[in-house]
Enquirer: 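Have a look at this one before I ask anything.
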Amino acid sequence: MSKRALITGVTGQDGSYLAELLIDRGYQVHGVIRRASTFNTSRVDHLYRDPHDGDPSLVLHHGEITDGSRLTSLLAQIRPDEVYHLAAQSHVRVSFDEPVYTSDVTGLGTVRLLEAIRGAGVDCRFYQASSSEMFGAAPPPQSETTPFHPRSPYAAAKAYGYWITRNYRESYGLYAVNGILFNHESPRRGSTFVTRKIAIAAVRIKLGLQDSVHLGNLDAVRDWGYAPEYVEAMWRMLQQDEPDDYVVATGTALSVRRFAEYAFERVGLDWREHVRFDPRYVRPTEVDALVGDATKAREKLGWTARVHGRELANIMVDAELSALRGGLVEQRRPSEPVTAGVTEW
Ligand code: NAP
Ligand code: F7E
């Protein structure tokens, strides 16, 4: 019998890479997707097989992280060995516009899922997608022992998710872990996160499809890693003898400005000629610098980041170039409104 894994947020960047990894390792993966009027499964379509052609390795179920009764029925039906909770309203800037919704989905979503596991009486291991954003104003380097100082509704919601996960571990003996992941990116990153926004813009400017890109705070420092490597760390956290919490990071500090410099250099352009400032992208409270100390993950999980700053920028720009040349990337300018009145952060 192959192991069964349940992934919430399977249609997201990390969910899609994790589904690939688990299927490669012989799991049957069950993913929760939101019902939408348009298709939202583009990141996992390549993994999907028609169930009429045999036992599928990826099974998709409709579900909402705000709907506890649905989560309980899914748990009872699937009875997974491992649960990876990745679903979230994951955009920090958007969380200032929608703080209550973000708290509900990103914060309370975790306890709904934990209660569903208890309610359905399923014996499984649980992964919580915690975030370096929880450290917020705490100065780098940040490790598992650094106190949290959240600087956004998103970060506050993730801090709740972190503590409720620990509480279920301590209260009920659940094998529940927090992966405290620092920023990780890829060609599958949502196009409103800064690295992907910059990579798309650099390529489109190079190809003459736009002239400039508007950004906010260029001084912010982040520790950007490569998402396919980070899902390996998630899996390893659930294969240990004892549950624990781990920081996952590269340890390399890079400013937004430097990332833009690398991305534009990759296509032979000078970022200073194309990047414009727009105050709309500045957040009410900023997280100035996140740089992780992943010593524990290296020592206990045997995990180390291989891809760092400039190489990551190259991977993302190269992917954009080949996708755009292949006609696969939508032609819409990333800095244009998606729909009237909605800013793409
Ligand atoms: P992402 O690309 O934004 O994906 C988020 C996923 O959550 C999507 O599948 C989305 O579905 C789903 N989702 C959102 N609201 C939902 C709801 N109400 N009910 C059910 N599903 C819902 O995020 P990611 O970058 O893959 O990150 C995965 C997780 O790690 C998130 O929890 C994020 O907060 C956390 N994290 C990310 C990073 C990072 O740097 N990427 C770092 C630390 C922690 P749709 O496709 O339908 O929108
Ligand atoms: O911003 C600055 C912005 O939105 C990075 C999420 O995955 O990682 C992510 O959160 C920095 C910030 O990611 C623009 O102010 C400048 O300082 O790409 P981002 P994030 O906020 O760090 C953490 C770990 C998560 O957990 C989250 O889910 O870049 N910045 N100009 C900009 N950011 C955006 N989005 N757009 C700009 O135009």
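Whatever order the structure lists ligands and atoms in, that order sets their numbers, starting from 1. This structure is a prediction, so every number in the text was calculated from the model and none was measured.
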Enquirer: To which protein heavy atom is atom 29 (C) of ligand 1 closest, and what is the distance rounded to 0.1 Å?
Expert: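 Going by distance alone, atom 29 (C) of ligand 1 is nearest to Leu86 O, 3.2 Å.
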Enquirer: Tell me, yes or no, whether the heavy-atom count around Asp123 atom CG, taken from other residues, nucleotides or ligands under 6.0 Å, exceeds 12.
Expert: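 Atom CG in Asp123 is not packed in, count stays at 12 or less.
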Enquirer: Say whether Gln13 and ligand 2 are in contact under the criterion: heavy-atom distance to a ligand atom below 4.0 Å.
Expert: no
Enquirer: Over 60° means perpendicular and under 30° means parallel, so tell me whether Tyr84 and Tyr127 are parallel, tilted or perpendicular.
Expert: tilted
Enquirer: Please state which protein non-hydrogen atom is closest to atom 10 (C) of ligand 1 and give its distance, to 0.1 Å?
Expert: Thr11 OG1, 4.0 Å
Enquirer: Taking only heavy atoms of Ser132, which atoms of ligand 2 are found under 4.0 Å from at least one of them?
Expert: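 So the answer, numbered in order with elements, is 24 (C).
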Enquirer: Test Gln13 against Ser186 for side-chain hydrogen bond (donor to acceptor under 3.5 Å, both in side chains), laying out the working first.
Expert: CA-CA 8 Å; Gln13 170 188 258; Ser186 74; 3.0 Å; yes
Enquirer: May I ask you to check whether Arg189 has an N/O atom sitting below 3.5 Å from an N/O atom of ligand 2?
Expert: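 Yes, Arg189 has an N/O under 3.5 Å of an N/O on ligand 2.
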Enquirer: Check ligand 1 against Gly12 and write out every atom of the ligand that is under 4.0 Å from a heavy-atom position of the residue.
Expert: 2 (O), 4 (O), 8 (C), 9 (O), 26 (O)
Enquirer: Given that the side chain starts at C-beta and the backbone is N, CA, C, O, which of these parts of Leu215 lies under 4.0 Å from ligand 2, counting heavy atoms, or is it both or neither?
Expert: both
Enquirer: Between the side chains of Asp219 and Arg257, is the shortest nitrogen-to-carboxylate-oxygen separation below 4.0 Å, so that they form an ion pair?
Expert: yes
Enquirer: Please work out, at 4.0 Å between heavy atoms, whether the side chain, the backbone, both, or neither of Lys158 comes within that distance of ligand 1.
Expert: side chain
Enquirer: Using a 4.0 Å heavy-atom cut-off, say whether Ser130 meets ligand 1 through its side chain, its backbone, both or neither.
Expert: backbone
Enquirer: Strictly below 4.0 Å, N to O, side chains only: are Arg310 and Glu265 in salt-bridge contact?
Expert: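 Here Arg310 pairs with Glu265 in a salt bridge, since their nearest N and O are under 4.0 Å apart.
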Enquirer: Per the side chain to side chain contact (heavy atoms under 4.5 Å, CB included) rule, which among Asp104, Val105, Asp67 passes with Arg112?
Expert: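 Per the side chain to side chain contact (heavy atoms under 4.5 Å, CB included) rule, the option paired with Arg112 is Asp104, out of Asp104, Val105, Asp67.
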Enquirer: Would you kindly specify which portion of Phe193 sits under 4.0 Å from ligand 1, judged on non-hydrogen atoms: side chain, backbone, both or neither?
Expert: neither
Enquirer: To which of Tyr230, Tyr154, Tyr84, Trp224 does the heavy atom nearest atom 36 (N) of ligand 1 belong?
Expert: Tyr154
Enquirer: Could you check atom 21 (N) of ligand 1 against the protein and tell me its nearest heavy-atom contact, residue, atom and distance included?
Expert: Ala87 CB, 3.5 Å
Enquirer: Ignoring hydrogens, just give me the one of Ala249, Ala88, Ala155 whose non-hydrogen atom is nearest atom 5 (C) of ligand 1.
Expert: Ala88
Enquirer: Do Asp293 and Ser143 have a side chain donor and acceptor closer than 3.5 Å?
Expert: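 No pair is found: no donor N or O on one side chain lies under 3.5 Å from an acceptor on the other.
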Enquirer: Would you mind checking which non-hydrogen protein atom is closest to atom 43 (C) of ligand 1, with the distance to 0.1 Å?
Expert: Leu181 O, 3.1 Å
Enquirer: Nearest heavy atom to atom 25 (O) of ligand 1 wins, so pick from His184, Arg189, Gln89.
Expert: Arg189
Enquirer: So is Tyr281 polar-close to ligand 2, meaning N/O to N/O under 3.5 Å?
Expert: no
Enquirer: Can a donor-acceptor pair be found between the side chains of Gln28 and Arg4 at a distance below 3.5 Å?
Expert: no
Enquirer: Going by the atom numbers of ligand 1, which of them fall below 4.0 Å from some non-hydrogen atom of Asn40?
Expert: 47 (O)
Enquirer: Based purely on interatomic distance, does Ser90 place a nitrogen or oxygen under 3.5 Å from a nitrogen or oxygen of ligand 1?
Expert: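 It does: an N or O of Ser90 is found under 3.5 Å from an N or O of ligand 1.
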Enquirer: Looking only at heavy atoms, is any part of Ile65 under 4.0 Å from ligand 1, and if so is it the side chain, the backbone, or both, or is it neither?
Expert: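 Both backbone and side chain.
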Enquirer: Look at atom 31 (N) of ligand 2 and find which of Ser191, Gly216, Gly12 reaches it with the closest heavy atom.
Expert: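 Heavy atom nearest to atom 31 (N) of ligand 2 belongs to Gly216.
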Enquirer: Is the cationic atom of Lys158 (NZ for Lys, CZ for Arg) positioned less than 6.0 Å from the six-membered ring centroid of Phe148 and within 45 degrees of its normal?
Expert: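 Verdict for Phe148: no cation-pi partner in Lys158.
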Enquirer: Pick, from Val92, Val287, Val275, Ile180, the option with the minimum heavy-atom distance to atom 10 (O) of ligand 2.
Expert: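 Checking each option, the heavy atom nearest atom 10 (O) of ligand 2 is found in Val92.
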Enquirer: For atom 6 (C) of ligand 1, what is the nearest protein heavy atom, given as residue, atom name and distance?
Expert: Gly9 CA, 3.6 Å
Enquirer: Please enumerate all residues that pass salt bridge (charged side-chain N to carboxylate O under 4.0 Å, His left out) together with Glu286, with sequence neighbours excluded.
Expert: Arg222
Enquirer: Run the salt bridge (charged side-chain N to carboxylate O under 4.0 Å, His left out) test against Arg258 and tell me which residues pass, sequence neighbours left out.
Expert: Glu261
Enquirer: Are any of the N or O atoms of Tyr154 closer than 3.5 Å to those of ligand 2?
Expert: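 Looking only at distances, the answer is yes, because the N/O contact criterion of under 3.5 Å is met.
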Enquirer: Check each heavy atom of Glu64 against ligand 1 and say whether those closer than 4.0 Å belong to the side chain, the backbone, both or neither.
Expert: both
Enquirer: Are any side-chain N or O atoms of Arg236 and backbone N or O atoms of Leu301, one a donor and one an acceptor, separated by less than 3.5 Å?
Expert: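 Yes, Arg236 side chain to Leu301 backbone: donor-acceptor pair under 3.5 Å.
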Enquirer: Does only the side chain of Lys158 get under 4.0 Å from ligand 2, or the backbone, or both, or neither? Count heavy atoms.
Expert: neither
Enquirer: Relative to the heavy atoms of Gln13, which atoms of ligand 1 are at a distance of less than 4.0 Å?
Expert: 2 (O), 25 (O), 26 (O), 41 (N)
Enquirer: Taking atom types as modelled, is there a side-chain donor on Ser132 or Gln142 under 3.5 Å from an acceptor on the other?
Expert: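 The criterion, which ignores hydrogens and geometry beyond distance, is not satisfied for Gln142 and Ser132.
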Enquirer: Is ligand 2 under 4.0 Å from a heavy atom in the side chain of Val194, in the backbone, in both, or in neither?
Expert: both
Enquirer: Whether Arg188 engages the ring of Tyr17 as a cation-pi pair (distance to the six-membered ring centre under 6.0 angstrom, angle to the ring normal within 45°) should be assessed.
Expert: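 Ring-cation test returns yes.
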Enquirer: I'd like to know whether ligand 2 has Arg93 as a neighbour, heavy-atom separation below 4.0 Å.
Expert: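 Flag not set, Arg93 not near ligand 2.
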Enquirer: Are Asp245 and Arg169 within salt-bridge range, i.e. N to O under 4.0 Å?
Expert: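 Here Asp245 pairs with Arg169 in a salt bridge, since their nearest N and O are under 4.0 Å apart.
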Enquirer: Cation-pi check, Arg25 to Trp235: give yes when NZ or CZ is under 6.0 Å from the six-membered ring centre and within 45° of the ring axis, no otherwise.
Expert: yes
Enquirer: Under the side-chain hydrogen bond (donor to acceptor under 3.5 Å, both in side chains) criterion, do Arg266 and Tyr262 qualify, and how do the steps go?
Expert: CA-CA 6 Å; Arg266 186 67 172 174; Tyr262 290 162; over 6 Å; no
Enquirer: Considering heavy atoms of the protein only, find what lies nearest to atom 26 (O) of ligand 1 and give residue, atom and distance to 0.1 Å.
Expert: Asp14 N, 2.8 Å
Enquirer: Can you name the atoms of ligand 1, numbered from 1 with element, that are less than 4.0 Å from a heavy atom of Val105?
Expert: 15 (N), 18 (N)
Enquirer: Without hydrogens or angle criteria, can the side chains of Tyr27 and Glu82 be said to hold a donor-acceptor pair below 3.5 Å?
Expert: yes
Enquirer: Report yes if Thr192 has an N/O atom closer than 3.5 Å to an N/O atom of ligand 2; otherwise report no.
Expert: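 Yes, Thr192 has an N/O under 3.5 Å of an N/O on ligand 2.
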Enquirer: In this structure, does ligand 2 have an atom that sits under 4.0 Å from one of the heavy atoms of His91?
Expert: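 Flag set, His91 near ligand 2.
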Enquirer: Is the charged tip of Arg189 near the ring of Phe193: under 6.0 Å from the six-membered ring centre and within 45° of its axis?
Expert: yes
Enquirer: Pairing donors with acceptors under 3.5 angstrom, does anything connect the side chains of Thr11 and Asn40?
Expert: no
Enquirer: Look at atom 20 (C) of ligand 1 and find which of Arg222, Arg34, His85 reaches it with the closest heavy atom.
Expert: Arg34
Enquirer: Taking 4.0 angstrom as the limit and counting only heavy atoms of Asn183, give me the atoms of ligand 1 inside it, by number and element.
Expert: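 What qualifies from ligand 1 is 40 (O).
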Enquirer: Go through ligand 1 atom by atom and flag the ones less than 4.0 Å from a non-hydrogen atom of Ala129.
Expert: 29 (C), 30 (O), 32 (O), 35 (C)
